Amino acid sequence: MPLVNVDDRAVHVIDRGAGDPILFLHAFPLNAAMWEYQYGALEDRYRVVGIDLPGFGGSPAPADPRATSMDGLADLVAGALAALGIEQAVVTGLSMGGYLAFALARRHPALLRALVLADTRAMADDSETWHRRDDQQQRIEQGDDLAAMAKALIDNLLGPESLKRQDLVDWVLALMADSTAEGWIAALEAMKNRDDSLSALREITVPSLAIVGERDRITRPTDLTLIAGRLRDSRLTVIPSAGHLSNLENPIAFNEAMETFLADLDGPAQEQPDDQPA
Ligand code: MLT
């Protein structure tokens, strides 16, 4: 799996399959491997590309995490796409990946073929959330144990049915373990200072799909209803038996929603000669 160079920074990407590109932006504090079920389902028809943000998965940690911004990450993602020769993609982001997709839509609108926004929120952080993230950053800087912090997140990330599946819990913990202290601080910095995207939703004209796990406690179904209601051309799918990480908690329903959306983007299926009446 390659490292691409963007302005002298190495960025790790997963790049599989061939066809129209679909870009996947990961949640916090996970990495691009969280989309494995989607890559597997789509790579026979599409080029699937996942990007590890700095300090997550295979991307080296940022040198100055406190200098990170969501807009800067959007520029990094745009640079990685350029390095891969991709001019336009269906941009798919879950939670923090959705915040990043909004920044990409504002700063690089021509890159978007369509948008898939999962378990995310268009509003900026309120003051309580800003301070909670700031406190987390300070604890990490003082050497708090990342594994313990990750473990404390799991009850909110997964829905009740998923929490009973030890294999799934272990996988999510393993994904979160593949991260650095600098990556956490950088992502928290970008999230806590990100712009509000609610009013900018009306500017997005590409077709969009909003997805949410029915038991998501971090970004609730009402957050996605709001997003879908503000976008000009959108639909909303609620994923049963899933919490915040809907793509890996119920991949069958998530993939079905994505595949229907993608098929509609491609237009009606062409009739094959064999289908013609005699
Ligand atoms: C995520 O899943 O990316 C985070 O829960 C987002 C957040 O903390 O706002």
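Bear in mind the structure is a predicted one, so any value in this text is a computation, not a measurement. Counting starts at 1 for both ligands and their atoms, following the listed order.
- Arg121 is linked by a salt bridge (Lys or Arg N to Asp or Glu O under 4.0 Å) to Asp223, counting only residues two or more places apart in sequence or in another chain.
- A 4.5 Å side-chain heavy-atom check between Leu248 and Leu168 finds at least one atom pair inside the cut-off.
- Protein residues lining ligand 1, listed by chain and number: Ala27, Phe28, Ser95, Met96, Tyr99, Arg133, Met191, Ile218, His244 [non-hydrogen atoms, distance under 4.0 Å].
- Shortest non-hydrogen contact noted between Gly213 and Pro221 is O-CG, 4.0 Å.
- With sequence neighbours left out, Arg235 forms a side-chain contact (heavy atoms from CB on, under 4.5 Å) with Leu209, Thr260, Phe261, Asp264.
- Side-chain atoms of Ile86 and Arg47, non-hydrogen and from C-beta on, do get closer than 4.5 Å to each other.
- Applying the ring pair (Phe, Tyr, Trp, His ring centres under 6.0 Å) criterion to Trp171, with sequence neighbours excluded, gives Tyr37.
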